[in-house]
Every structure is written in C-alpha cells, then in structure tokens.
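Here, residue 1 is the first one in the sequence, and each next residue gets the next number. First listed ligand is number 1; within each ligand, the first listed atom is number 1.
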Amino acid sequence: MEWCVSMPKIELHAHLNGSIRDSTLLDLARALGDKGLIDFSQVEHVILKNDRSLSEVFKLFDLIHIVTTDHSSITRITKEVVEDFASENVVYLELRTTPKKNDSLGMSKRSYVEAVLEGLRAVSSVDVAFIPNSEEPVNLSSTLLSDASDKCNGNTRKKIFVRLLLSIDRRETTEAAMETVMLALEMRRFGVAGIDLSGNPAVGEWITYLPALMFARQQGLYVTLHCGEVSNSKEIHNMLDFLPQRIGHACFFEEEHWRKLKSSNIPVEICLTSNIRTLSVPTIDAHHFVDLYNAKHPLVLCTDDSGVFSTSLSNEYKIAASTFGLGQKEMFELSKNSIEFIFADDVVKEVLRKTFDSAAKSLT
Ligand code: 6MZ
C-alpha cells in the first residue's frame, strides 16, 4: 500500500458530497438531530450501512443532501475533501458537484458554487492552485511552473491543482441543466473547467440534457458523461455519438458499444470499488479494466465517492495492482498517463509531467 500512497496521483472522477468523511457526515447529522430537524438514530443507521445497491446509494445521496446542503457545510466538506486527497499525494483533482438551489436557506446555484470556492480558499495544509493560468498575473503563473511539491522555508509543502466540474443531475429539466452550464461559463475564471452528467441512471432521458451539453461544448467547456451505469443501449450509443471528452463507468457496454468507444478513443474513468459495491459489474476479475488496459485504451482510475464507498485513490491503485497483477512501474505509468486526459491547459500538464518525472527518480 505504501507506494500506492506515496506516488503522485490524479483524480478525475470524485463527487464532492460522495467524498464526505463519515465523521463529518455524522457530525452534521447529529447537529440537525439536536435541532430536532431529523431523527439522528434513523440517519446514523443508514450512514453506517456498508453494502448498498445502486438504488440504495441514490437514497443515501438524498439523505446526505439534507444533511450537507447549507453554505457553511459545503465549504467545510470542500476543504476537507481537498485536504484528504492531497494527503495521499493526489497532485491534480477534478472535483465535481451538482449546484443546488434551496430557497429556504437562501441558496442559489451560484451561491452554492461560491461556497465550494470558499472551501478551496480555506484549505491551509496544502497550496491549492485552482485559478487557471490565463487568469493569473504573470508572476503567479511562473510560480505554478515550479514542481508541484516545493521547498518552503526548509519544509516540503505540498501543492494540488484543483479544477471543478459542475454536474447536471438526471432529475433536472432542460432549463435547469442550461442554468448550470451558464453558471459554469461564468465561473470559468475560478477554475470551473467543465460539465458532468450524473445522478440516478434509471431516471431521465438523454434528449433532456442534450441542448445544455451541446451548448457547453460550443462554448469550450469540457464534458464528461456517466455512461452505461445501467443497461440502456440506445442511450449509450447517443452518448458515444456525442463524443464527450471522457466518460465514466462504462459497465453495461455491449460489443457494438466497445467497438464505438475504442474507435473514438474516448478516455474512461474507472471506479472499481464503486462498480463492485453497486453490483454494476459481477466480480472484480470480470471488470472491463482488464480489456481496456490490454487494448491500451485511455483510462484513469478514480474513486467516484470515496466517503460513501469507504475507499481512497491509493486503495483503488492497490486493488488494481493486486487484482490484475500489475507492478509498481505499470501503476506509476497508468497514473502518469492520466495527465493527458485532464481538463486543464498545457501549462498545468507540463508541471504535472515534471512532478511525475521527479517522483520517478526518487522511486528508482
Ligand atoms: C451517478 C452519482 C454517482 O453532486 O451532491 N453521483 N451519479 N452514479 C454514481 N455512481 C455511484 N455517485 C454520485 O455529489 C453527489 C451526487 O453525485 C452524483 C449523484 O447525483 C449524487 O447525488 P454532489 O456533490
């Protein structure tokens, strides 16, 4: 496990509220219980349940959202999630979250995202670079060109790049999806790089989100889609025809979907523990990671919901290494290759390549 933790890693598929610490979730739930707003004993039982089907996971998310969706909680969770990823040597993190509107709390989608940004600014244990280079004053941008782990006053201080993806929930209408895309465009200068389509895959129709996704792409936002989390051949075809920059999961693909995916070379975000826990793949040995890896198809290991599934990115690397018989060198290469699929500019990619190169020297 040690080298899985110490090597630099890139996380491209992490849902903010799914990455919440258990301790924080219980803490926030207890506080609502004390105010008489929820029955804590009921909620505690649901939070601590370990094995959940895909539909139970979405019920849990509804509960998590009741507990977490106020500005200060969102700020706290963001700060903690970034700190947690940085502590296991994630050097680049794309964090995705669904902007939420809650009139009773005075929350708009914009104020939700502002609370997330506040969380990024609140991180103190590690340097967080989330403003894109094009928005940085020249001297700051040159600082970013240094290695992602700098010597500062004799101490090594970690750096993490963070980019945000705004998620469209499959329960949303076309108008709501468009509102999220407009917000992402407005928030680009604060590190919002793209759009994700997620939420319960048993809900909603592709055609509902298509106008907003097309507009996002026209405006130069990156797009990643949860694709094939359930069996839905027509939707999988439609999604692949859209040519998103990445897709997540790809569990219920049939031969013709694999053919289309491979010929279009769309990178796949692979979430091993999540897929096993939600029974989206029958066994870990049968996971499509093997076929994609052997075919040299672009892929990246990710956590999905590290809190909900009690995992970490280091753990995902460890599982892949031990299950598929891959060594430290192969896992390092897999991690380094992920740089090519990030939703950030060439300057960031170059910094990350240097970070991996200097880590490679210390490994040999
Ligand atoms: C699809 C998922 C997901 O946005 O509130 N989400 N969507 N499949 C998954 N696989 C298990 N895991 C998480 O984070 C939680 C939200 O992310 C999406 C769901 O919409 C969930 O409500 P945010 O930060």
Side-chain angles (χ1 to χ4, degrees), residues 11-21 24-25 28 47 51-71 73-82 84-85 93-102 107 109 112-113 115-117 119-120 162 164-172 176-177 180 183-184 192 194-204 206 209 224-232 235-236 239 246-252 268-281 302-311 316:
E11 170 64 81
L12 301 184
H13 188 135
H15 297 271
L16 176 65
N17 279 296
S19 307
I20 188 173
R21 294 176 187 165
T24 299
L25 189 52
L28 295 173
I47 292 172
D51 48 337
R52 293 183 192 92
S53 68
L54 193 60
S55 62
E56 281 175 328
V57 164
F58 288 103
K59 283 192 195 128
L60 176 64
F61 278 126
D62 287 342
L63 174 68
I64 291 179
H65 290 147
I66 292 171
V67 174
T68 63
T69 308
D70 64 79
H71 295 109
S73 299
I74 289 300
T75 297
R76 170 179 174 181
I77 297 163
T78 306
K79 175 181 183 285
E80 292 176 352
V81 167
V82 172
D84 290 349
F85 277 114
L93 164 66
E94 270 171 32
L95 198 53
R96 54 185 79 189
T97 193
T98 322
K100 295 168 191 77
K101 193 171 143 63
N102 186 333
M107 179 181 278
K109 285 190 173 187
Y112 178 96
V113 176
V116 172
L117 293 172
L120 297 182
V162 178
L164 299 174
L165 307 182
L166 302 191
S167 302
I168 295 169
D169 186 313
R170 295 183 60 110
R171 287 176 293 196
E172 290 185 294
T180 297
L183 183 60
V192 174
I195 295 290
D196 156 56
L197 175 66
S198 55
N200 190 340
V203 171
W206 169 245
Y209 329 113
T224 178
L225 305 172
H226 281 61
C227 178
E229 257 191 304
V230 292
S231 173
N232 186 342
E235 182 177 275
I236 295 171
M239 287 185 167
R246 295 195 309 252
I247 59 163
H249 298 298
C251 296
F252 285 84
V268 183
E269 303 151 358
I270 298 273
C271 309
L272 296 171
T273 298
S274 163
N275 295 162
I276 294 297
R277 296 283 287 278
T278 58
L279 307 176
S280 304
V281 294
C302 304
T303 53
D304 204 6
D305 299 293
S306 54
V308 168
F309 299 122
S310 310
T311 188
E316 296 303 299

Fill in: Thr97: numbered ligand 1 atoms lying under 4.0 Å from its heavy atoms
4 (O), 23 (P), 24 (O)
Item to complete: Identify the heavy atoms of Val203 and Tyr209 that sit nearest to each other, and give their distance.
Response: O-OH, 3.8 Å
Worksheet, complete the sentence: If you compare Val81, Thr98, Leu16 by their heavy atoms, the one closest to atom 4 (O) of ligand 1 turns out to be Thr98
Item to complete: Could you tell me whether some N/O pair between Ser274 and ligand 1 is separated by less than 3.5 angstrom?
Response: no
Worksheet item: Side chain, backbone, both or neither: which part of Ile64 has a heavy atom under 4.0 Å from ligand 1?
Response: neither
Fill in: Arg170 and ligand 1 - part of the residue with a heavy-atom distance under 4.0 Å
neither
Worksheet entry | Sub-4.0 Å atoms of ligand 1 with respect to non-hydrogen atoms of Asp305 | 3 (C), 11 (C), 12 (N), 13 (C)
Worksheet item: Is there a donor-acceptor contact under 3.5 Å linking the side chains of Thr68 and Asn17?
Response: yes
Worksheet, complete the sentence: atom 17 (O) of ligand 1 has as its nearest protein heavy atom His15 ND1, 3.0 Å
Fill in: Spacing of Ile66 atom CD1 and Leu28 atom CG [to the nearest 0.5 Å]
13.0 Å
Fill in: Steps toward salt bridge (Lys or Arg N to Asp or Glu O under 4.0 Å) verdict (Arg277, Asp304)
CA-CA 12 Å; Arg277 296 283 287 278; Asp304 204 6; over 6 Å; no
Worksheet item: Where does the angle between the aromatic ring planes of His226 and His15 fall among parallel (under 30°), tilted (30 to 60°) and perpendicular (over 60°)?
Response: tilted
Fill in: Per-atom contacts, ligand 1 versus Asp169 - under 4.0 Å to a heavy atom
20 (O)
Worksheet item: Which residue and non-hydrogen atom of the protein lie closest to atom 22 (O) of ligand 1, and at what distance in Å?
Response: His65 CE1, 3.0 Å
Worksheet item: Are a donor atom and an acceptor atom from the side chains of Thr97 and Tyr112 found within less than 3.5 Å of each other?
Response: yes
Practice prompt. Among all protein heavy atoms, pick the one closest to atom 10 (N) of ligand 1 and tell me residue, atom and distance.
Written response: Glu229 OE2, 3.0 Å
Discussion item. Does any N or O of ligand 1 fall below 3.5 Å from an N or O anywhere on Thr278, backbone included?
Written reply: no
Item to complete: Looking only at protein heavy atoms, identify the closest one to atom 11 (C) of ligand 1 and say how far it is in Å.
Response: Asp304 OD2, 3.5 Å
Fill in: Sub-4.0 Å atoms of ligand 1 with respect to non-hydrogen atoms of Gly199
1 (C), 7 (N), 19 (C), 20 (O)
Discussion item. Determine whether Arg170 and Glu229 satisfy the following criterion, salt bridge (Lys or Arg N to Asp or Glu O under 4.0 Å), listing intermediate values before the conclusion.
Written reply: CA-CA 13 Å; Arg170 295 183 60 110; Glu229 257 191 304; over 6 Å; no
Fill in: Thr78 side chain vs Ile74 backbone, donor-acceptor pair below 3.5 Å
yes
Discussion item. Could you report the tightest heavy-atom contact between Leu12 and Cys302, atom names first, then the distance?
Written reply: N-SG, 3.9 Å
Item to complete: Could you list the atoms of ligand 1 found under 4.0 angstrom from a heavy atom of Lys100?
Response: 4 (O), 5 (O), 23 (P)
